[in-house]
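Because only heavy atoms are used, hydrogens play no part in the values below, and waters and symmetry mates are left out as well, while side chains stay in. Predicted model, so just to flag it, every value in this text is computed and none were measured.
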Amino acid sequence: MIHTIASWEISVALAPDDAQGAYLGVHGLAQSTQRFAGPLLMTGLVSAGPLAWPVLGAALVATAAAQNRLVRRRLSGPSLSVAKVTVSEH
């Protein structure tokens with residue numbers, strides 16, 4: 001759930017105002033590609049044996065670090081999320 005919310009917010013926040021539809025289209029295409037290629041990749045890794053798991057771990061860490069660096073550099077404004085609201089019983 002957190003991944004979905006964050007990915008949609010990032011895809012909208014990084015898009016220029018006149019290209020948000022195109023950015024969301026690419027976002028949807030990336031999700032579809034992951035659903036297609038993910039099982040194939042994991043099947044290949046599992047069949048390669050236990051030596052492939054450190055390679056997968058290193059690739060995930062490198063990808064997360066690169067995404068973090070790229071996104072933080074581009075997101076300088078406030079979050080698009082709704083402000084926190086405190087609900088009282090009174």
Side-chain angles (χ1 to χ4, degrees):
M1 300 276 300
I2 293 172
H3 171 267
T4 303
I5 294 168
S7 68
W8 277 98
E9 182 168 345
I10 288 172
S11 65
V12 170
L14 292 178
D17 290 337
D18 60 340
Q20 286 184 349
Y23 274 57
L24 288 175
V26 170
H27 180 267
L29 180 64
Q31 287 181 340
S32 298
T33 303
Q34 181 273 327
R35 288 186 189 123
F36 166 75
L40 295 173
L41 175 66
M42 291 308 296
T43 301
L45 283 170
V46 168
S47 64
L51 294 177
W53 289 102
V55 174
L56 175 63
L60 290 174
V61 168
T63 303
Q67 181 181 12
N68 185 12
R69 178 172 286 181
L70 291 171
V71 169
R72 284 193 184 271
R73 193 179 313 161
R74 299 254 337 252
L75 291 178
S76 58
S79 173
L80 298 176
S81 297
V82 177
K84 293 181 181 178
V85 177
T86 304
V87 178
S88 174
E89 294 181 18
H90 299 271

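- Residues meeting the side-chain hydrogen bond (donor to acceptor under 3.5 Å, both in side chains) test with N68, sequence neighbours left out: R72.
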Could you list the donor-acceptor pairs under 3.5 angstrom formed by side chains in residues 34-45, with sequence neighbours left out?
{"unit_1": "T43", "atom_1": "OG1", "unit_2": "P39", "atom_2": "O", "d": "2.7"}

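- In plain terms, the two heavy atoms of A52 and A48 that are nearest each other are CB-CB, 3.9 Å.
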Return all side-chain donor-acceptor pairs below 3.5 angstrom for residues 14-29, not counting sequence neighbours, or 'none' if the list is empty.
{"unit_1": "H27", "atom_1": "NE2", "unit_2": "S7", "atom_2": "OG", "d": "3.4"}

